[in-house]
Each structure stands twice: as C-alpha cells, then as structure tokens.
Visitor: 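The structure follows.
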Protein chains: 4
Amino acid sequence: MKLSEKKVLKKKEEILMSAVKIVNNKGYQGATMEEIAAALLMTKGSLYYYFKNKEDLIFQCHALVLSKANKELLAHLEEPISFEERLRKMIKTHIHYAIEKKESFNMIIKPKETFSSEQLHPILQQRKIYAGYFDQIIQGGVDAKEFVNVDLKIVRMILLGSMNWIQQWYMPAGGKSKVEIQEIYADYLLKLLK
Amino acid sequence: MKLSEKKVLKKKEEILMSAVKIVNNKGYQGATMEEIAAALLMTKGSLYYYFKNKEDLIFQCHALVLSKANKELLAHLEEPISFEERLRKMIKTHIHYAIEKKESFNMIIKPKETFSSEQLHPILQQRKIYAGYFDQIIQGGVDAKEFVNVDLKIVRMILLGSMNWIQQWYMPAGGKSKVEIQEIYADYLLKLLK
Amino acid sequence: MKLSEKKVLKKKEEILMSAVKIVNNKGYQGATMEEIAAALLMTKGSLYYYFKNKEDLIFQCHALVLSKANKELLAHLEEPISFEERLRKMIKTHIHYAIEKKESFNMIIKPKETFSSEQLHPILQQRKIYAGYFDQIIQGGVDAKEFVNVDLKIVRMILLGSMNWIQQWYMPAGGKSKVEIQEIYADYLLKLLK
Amino acid sequence: MKLSEKKVLKKKEEILMSAVKIVNNKGYQGATMEEIAAALLMTKGSLYYYFKNKEDLIFQCHALVLSKANKELLAHLEEPISFEERLRKMIKTHIHYAIEKKESFNMIIKPKETFSSEQLHPILQQRKIYAGYFDQIIQGGVDAKEFVNVDLKIVRMILLGSMNWIQQWYMPAGGKSKVEIQEIYADYLLKLLK
DNA sequence: AATGAATGAGAATTCATTCAT
DNA sequence: CATGAATGAATTCTCATTCAT
C-alpha cells in the first residue's frame, strides 16, 4: 500500500469517527453532510472524495464501530478464566461501550431501514458474530455446569436488551457511577444463570 | 362537548393512528406529511387543518400511544391478586405492546431530540408515570416479602430494557410465539426478584 | 330595497371597516382572509358570501374610504369663505385624515399594482376628483388674486405629498399635537401661494 | 480581504441590485425567491447560498440602497458653496433618486412592518442620518441668515414628503421633464425658507 | 485533494377558494 | 347565512450531489 493510500484511509477513519457522533445524535436523515463536514473543518464537497455518497459514509460508520467492538469482545472470550468471570467482563465491556461510546454504540443496535439490503447484510452478519460471543460463553458455562440450563437465545436477548437500555437513562452527573452500574448489572444478570 | 368537536377529535385520532405507523417505519425526518396524508387519502393541506405543523402532529402521536398504554397498565395494577401475579400480568402486557403494537411502542421508548423541550416534558412525564406503575408493584412485593430486597430503579430498568429490546429481534414467523415469549420472559425476569 | 338587502349592505360595510385596518398594517399580500374573518369573529368561508374574492374585498375597501374622504372635502369646497380660508380648512381636513384614519388613508394614496386594471380605473378616477377639489380652490384663489400665479399641478402635488408624508413620522405621544401640526403645515404651505 | 470574499460580495451586490427592482414592483410578500432568482438566471437554491433567507436578502436590499444614497448626499453637503446652492443640489439629487431609482428609493422610504425589529433598527438609523444631512444645511442656512428662522423638523418633513411623493405621479412620457421638475421643486421649496 | 458555487428534487407550510350541509 | 372541512397551487427553505478550478 502506498503512503498516499494510507493517508486516505486515515482520513477516512477520521471522518467516520466524527460522523458517528453526529449521525447518532440526529439520526440518518437528521444528520447533514454539511454538518459532518463542518465538524471536521472541511467542506461538503470534500466528503465526496472519500465516500461515494451519504449512504456509503453512514454505512461505513456502522462497519467501523462494529468491528472495533467485536475485536474487544473477542479478547475477553479467550482469557483463561472461569466462564462466570469472562461473562462478567463481557457485560462490563458492553456496558462501558453503551455508556462511554454511546454515539457509536447506537449504530450497532439499530441499523434500521436506513440501508439498502445489500449494505444491510454485512452489518447484520457482524451483529450475529457479536451476539455469538455471548452465546459461546453462556453455552460454555452451561456445559461446564457453572450456569444452570437456560434458553440460550432468550437469555442473551435479556442480557443485551437490558444493557442497551442503559444509555436511555444513564446520567454521569447524578446517581450511580459507571463502575457501580457495571457491578450491579453483572450481579443481577448473572442471577439469571444460577 | 359539541358534536362537531367530537368529530374533529375522532378524525384527529384517525390521523394519528395512521401516522404512528409511518413515523415508526421512517422516523421523524423520514416520514413526510405528503405520505401521511396519502395513507389517509387526504391531501397535505388538510393535515394542517387538524395540526399546527409536523412537530405537533408527531408529538400528539406520542401522547396518544402513551396514554393508551398507561391506561391499560393501570388496570392490572389494581387487580386483587398477589404482587407476583400482578407483575407477571404487567410484564405480559408490556411485551404484548412491544410486539403487537411495535410501531406505536417505539414512540414511547425514544422521544429523542425530535421534540422541542416544551413538548418533550409532558412525554417524559407520562413515561415517568408508566415506570412508576412498575415501581409500585416491585416495592409492594418487597414490602410484602414476596420479593427479595432489590435496587428498585435498576431492576425496573432491567425489566423494561430487556422487554423493549424484544421488538428488535422478534419475528412472528419463525421461532417462539408471542405467548411463549411472554411466559419465558416473565419466568426469567421474576428470578431477579427471588 | 328590501330589509334583507340593507342588512347585507351593513354587514358588508362592517367587514370593510375592519378589513381596512388589517390590509393597511400588512399590505395586500400580507393580510389573509383568515385574519380578516377572525377580527370579525367570522370564518373565512363567510366572507365569500359577501365578496367574490379577496381582490374584490380589498377593492371595495379602497372605494369606501375614498368616497368618504371625497364627501367630506366637498363640503369645505362649498363654504362661503375666502379661498385661503377654504384651502386652510381642506389642508386641516386632509391632515386629520392622514393622522387619525391612517389605515384607511393609506389605501387612498397607494392603490399600486395590486389591482387588475379594470378595478384600478374607478379608483384612480376618484383620486382625480379628490385632487380636483384642491385644484379648484387653488385656481380660484389665483383668479381672485388671493394667491400668486403658480404651476397648479406642481403646487397641488407638493401640498398633498408633504401632507401624506406626515403619517410616516407622526407620533401622538411625543412632540407636536395634531392641531399644532395642522396649523404649522397650513402656514407653511400657504407660503407657497403668496 | 481575500479575492474569493470579494467575489462573493460582488455577486451579493449583483443579486441585491436585481432584487431591489422586483421587490419594489411587487412588495415584500409579492416578490418571490423564484422570481428574483430567475431574473438573474439562477435557481432558487443558489440564492440561499448567499443569503440566509428571504428576510435577510430583502433587509440587505434596504441597507445597500440607503448607504449609496447617503454617500451621494454627503458629497453635496461638503461642497464650498452657499447654503441655498447646496440645499438646491440636495433637493435635485433627492428628486433624481425618487424618479430615476424609483425602485431602490421606495425601499428607503418604507421599511414597514416587514422586518423584525432587530433588523429594522439599523435601517431607521440610516434614515436618521440621511434626514440629518438636510437638517444640517437648513440650520446652517438659518444661522448664516441665508434662510428665515423655521421649525427645522417640520420644514424638513415638508421637503422630503413632497419630493417622495413625486414618484407616485411622475410619468417620463407626458408632461414635464425630470430637469424641469427639479428646478420647479427647488424654487417652490426654497420659498419656504425665505 | 479540496473547495466554492450551483443545482434540482423534494420537503414543510400557507392560503385563497370551494362546497356540502 | 354561516361554517367546517378539504383542496391544490404557490412559496419558502433544505440538502445531497455535481463539477470546474
């Protein structure tokens, strides 16, 4: 890869990182190319050098965020500790994302009708992988008799659903800290598996 | 109230019921007045006879859905049965809404940045009331020693969050039926309180 | 004329009197049928019982105001006093209209491009008659050697123009009273004829 | 100032010059963005590249015209000739504007209720300056005993009012020429000061 | 690589007008 | 007579997209 190509890639990611925040606050329709460009001190026109069109840009936002989250989760999966400990870490990681990277995170959890089906497919694929990591740990725990036998899919849905919801109400200022929430949620959610 | 006023109200509700579906599929920005009107075999202009502007129309969509959901939940609250039974019914009702009235339901769970704060307030107020019904039952159960002592707010959040998530994945065709899901969810979620 | 017809005429005038004010504040395009109706506690639709359309309504506003002003001026014209005295009275009357009936008055002085030429004509005709009254007095005064010989049309234009302008700046609260202005203007303007 | 900024300014002025004519023929409400754009062989959308919205565009029309008129008048104010000569020149300049730049001129004399008060203020300020130039000459003439003592404000109002009125009746084709009118008006109006 | 300028296809909104009741 | 309801054309405004420089 030539240096110039690397530069382009870096710039692309820079744009995506910034765009993620805006798209999340305003939604697909609400976010304007103008706004995305302005946040980067660029002009609208320049965005079209890097991305084919708006849909493409926003699609790549999703892809970027998802692959990052997946990578992080995968790391936990492979740690040589008990299933309960591993699931606990995954729960904390997920909550961390849900709270600290709220903007990016939203992209994972609702790809919506925004995309043409050809673009939607790889995103859903990634989501499936992400969910699979949880399934592996839960099933592993059940097999190892660490967890009681459960309906795998349903329990995973309860886990993810309840955690995804946190960002709807979490306020850094008042109430519990992120760490407290991580602990409490891990405790309660693990009760489902005991 | 005069007959004419009643007629207007009925028409308004008719419009809202139809609009809810569209707004939910396309989102606030994606739904157009044209489309909303067309679905009712009206013209754009007519909508403005009933609603001040787009924001007003969509705001009233939220208000309508919320008040209906609230009413239904309240009924369960007052039944003369054990707290566990009542909570079970409320869970089932909530899931029923989340699945069957998916469109309307979405409006309740993300009012977002769509609304001017003056309109947002009454919606949040209604949401608070809705959440309060769950709190009452949970606290009641704890006081009556039916449930173990829990962090009220957190548990309620886990309940609602996990249930709200159902609509993201539920597919009537394959897998479990609504009734099954209602039962399974109720079982699992009640484990948190035991 | 039947009683019912009289009633209609009365209602028409009532509408016109009210419309004049609105049209004057907002201009032809700015004034809406809605607003005109609302000021009379009627509905838009009802206006169309009395007037063919908006243009017709506003045209009749002009006609009404002009005919009233003309009638009043004519009275002065025929008083058995010196030309100077008569002109003085006419000046005062005109200023009175310009200040006190500002809204109505504006209609006289700028019929503009608002009207179709067929409607514009009678209005211009009336204006000509109004101007003619001033011409008669000035010419009469010149013939009677009360006034010096002047360019009739130009002087009349200076008179009317300067008086029409008063409403642009006159403020009842501060500065000179209406009566003072009437006196001062009469004094200055008569200097042109001496 | 960079070249590009200058270009924008030039284009802006080009648009304004064209818009002034249209706004004047049709008024604020009557003139459409479509029409203004078409006259410049542009599209509606482009106007919004240069101006925030219609109100902004029209506001800047006023500002442009006023500042031009003010500059011109100021030049006369400083000529080293008698007060009478200077006032005569100012009268002629004003009449020239009223006749030849009728469109632009109208904007000066009636800012109206069109503007939000925050925009209205600077316009009124400019008008005050314009009027002040006349006041200076009149007062100067009085002090220098060239003119008789007069009510400064009233006389200035008579001057401006009568001249502003010219455009209501002046027809290039028939009757007197512009130059004749300038002379006659100057003669008559100066009589007020003698 | 970036930008400034322009465009055109919608979108929301307004309002005169109509008409059945 | 009056009105409520509906309409549709006109108008303002937005924004993704293009392209010459």
Side-chain angles (χ1 to χ4, degrees), chain A residues 4 7-8 11-12 28-37 40-58, chain B residues 2-5 7-8 11-12 28-37 40-58, chain C residues 4 7-8 11 28-37 40-58, chain D residues 2-5 7-8 11-12 29-37 40-58:
Chain A
S4 65
K7 251 187 170 172
V8 166
K11 186 86 188 181
K12 267 193 180 185
Y28 181 93
Q29 307 265 3
T32 71
M33 295 297 270
E34 181 82 53
E35 200 178 354
I36 292 170
L40 289 153
L41 303 178
M42 307 171 83
T43 56
K44 261 192 292 191
S46 309
L47 291 180
Y48 286 85
Y49 180 78
Y50 298 99
F51 301 94
K52 204 171 139 291
N53 52 31
K54 191 182 178 184
E55 188 183 1
D56 180 36
L57 193 164
I58 295 192
Chain B
K2 275 181 287 179
L3 182 63
S4 64
E5 286 175 17
K7 252 187 175 171
V8 165
K11 185 87 188 183
K12 269 191 179 183
Y28 180 94
Q29 309 265 0
T32 71
M33 295 298 271
E34 182 83 55
E35 199 179 354
I36 292 171
L40 289 152
L41 304 179
M42 305 171 87
T43 58
K44 260 186 301 189
S46 307
L47 290 182
Y48 287 88
Y49 182 78
Y50 294 99
F51 302 93
K52 207 173 137 294
N53 53 29
K54 191 181 177 183
E55 189 183 356
D56 181 36
L57 193 163
I58 296 195
Chain C
S4 66
K7 250 185 172 174
V8 165
K11 186 86 187 181
Y28 180 93
Q29 308 265 2
T32 70
M33 296 296 272
E34 182 82 54
E35 200 179 354
I36 292 170
L40 289 152
L41 304 179
M42 307 171 84
T43 57
K44 262 193 292 193
S46 309
L47 290 180
Y48 286 85
Y49 180 78
Y50 297 98
F51 301 94
K52 202 172 140 290
N53 53 29
K54 192 182 176 183
E55 190 184 358
D56 180 36
L57 193 164
I58 296 193
Chain D
K2 276 180 289 181
L3 182 64
S4 65
E5 285 176 17
K7 251 186 176 170
V8 166
K11 184 87 189 182
K12 269 192 180 183
Q29 309 263 3
T32 72
M33 295 298 270
E34 182 83 56
E35 198 179 356
I36 291 171
L40 289 153
L41 303 178
M42 305 172 87
T43 57
K44 261 186 301 188
S46 307
L47 289 182
Y48 286 89
Y49 182 78
Y50 295 99
F51 301 94
K52 208 172 139 295
N53 52 31
K54 191 182 176 183
E55 187 184 358
D56 180 35
L57 194 163
I58 296 194

Visitor: I want to verify a distance call: between E:dG8, F:dC13, E:dC15, whose nearest atom is closest to the D:T43 side chain?
Guide: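 Closest nucleotide to the D:T43 side chain: E:dG8.
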Visitor: In Å, rounded to the nearest 0.5 Å, how long is the span from CG of A:D56 to OH of A:Y48?
Guide: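 OH of A:Y48 is found 10.5 Å from CG of A:D56.
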Visitor: Using a 4.0 Å heavy-atom cut-off, does B:A37 contact any base of the nucleic acid, only the sugar-phosphate backbone, or nothing at all?
Guide: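 Nothing: the residue B:A37, judged by heavy atoms under 4.0 Å, touches no strand.
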Visitor: Does A:K7 or C:A31 map to a spot on DNA chain E nearer the 5' end, using the closest nucleotide for each?
Guide: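 Result of the comparison: A:K7.
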Visitor: Which is true for C:K44 with a 4.0 Å heavy-atom rule: it touches a base, it touches only sugar-phosphate, or it touches nothing?
Guide: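 Contact class for C:K44: base.
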Visitor: D:N53 has an atom CG; how far is it from atom C1' of F:dT14, in whole Å?
Guide: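 Going from D:N53 (CG) to F:dT14 (C1'), I get 12 Å.
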Visitor: Just how far is it from atom OG1 of A:T32 to atom CD1 of A:I36, taken to the nearest 0.5 Å?
Guide: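 Rounded to the nearest 0.5 Å, the OG1-CD1 separation comes to 6.5 Å.
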Visitor: Does B:S46 have a side-chain nitrogen or oxygen under 4.0 Å from the phosphate oxygens OP1 or OP2 of F:dA6?
Guide: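 Checking F:dA6 against B:S46, no side-chain N or O comes under 4.0 Å of OP1 or OP2.
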Visitor: Between E:dT17, E:dT3, F:dT17, spot the one nearest the side chain of A:Y48, thanks.
Guide: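 For A:Y48, the side-chain atoms sit closest to F:dT17.
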Visitor: On DNA chain E, does the nearest nucleotide to D:V8 precede the nearest nucleotide to B:K52 from the 5' side, or the other way round? Give the residue.
Guide: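 Per heavy-atom nearest nucleotide, the more 5' residue is D:V8.
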Visitor: Verify the contact: side-chain N or O of D:K11 to OP1 or OP2 of E:dA6, cut-off strictly under 4.0 Å; return yes or no.
Guide: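 Checking E:dA6 against D:K11, a side-chain N or O does come within under 4.0 Å of OP1 or OP2.
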Visitor: Does a side-chain heavy-atom distance below 4.5 Å link A:Y28 with A:E55?
Guide: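 When only atoms from C-beta onward are counted, A:E55 and A:Y28 do touch, with a gap below 4.5 Å.
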Visitor: I need the CD-P distance between D:E34 and F:dA9, as an integer number of Å.
Guide: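 It works out to 16 Å between those atoms.
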Visitor: Does E:dA6 have OP1 or OP2 sitting under 4.0 Å from an N or O in the side chain of D:Y50?
Guide: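 Yes.
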Visitor: Do the non-hydrogen side-chain atoms of A:Y50 and A:M42 ever get within less than 4.5 Å of each other?
Guide: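 When only atoms from C-beta onward are counted, A:M42 and A:Y50 do touch, with a gap below 4.5 Å.
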Visitor: Just jot down the side-chain hydrogen bond (donor to acceptor under 3.5 Å, both in side chains) partners of C:T43, sequence neighbours excluded, or say none.
Guide: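 Once residues adjacent in sequence are excluded, the partners of C:T43 under the side-chain hydrogen bond (donor to acceptor under 3.5 Å, both in side chains) criterion are C:S46.
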Visitor: Hey, which of these two, C:L47 or D:M33, hits DNA chain F nearer its 5' end, going by closest nucleotide?
Guide: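 In this pair, the answer is C:L47.
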Visitor: Look at the side chain of B:K54 and decide which nucleotide, out of F:dT12, E:dA12, F:dC15, has an atom nearest to it.
Guide: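 When the side chain of B:K54 is considered, E:dA12 is the closest of F:dT12, E:dA12, F:dC15.
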Visitor: If you fit an axis to the five pairs at each end of the helix from E:dA2-F:dT21 to E:dT21-F:dA2, how big is the angle between those two axes, to 10 degrees?
Guide: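 If I round to tens, the end axes sit 10° apart.
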Visitor: What nucleotide, of E:dG4, F:dT14, F:dT11, holds the atom closest to the side chain of D:Y49?
Guide: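 Closest nucleotide among those given: E:dG4.
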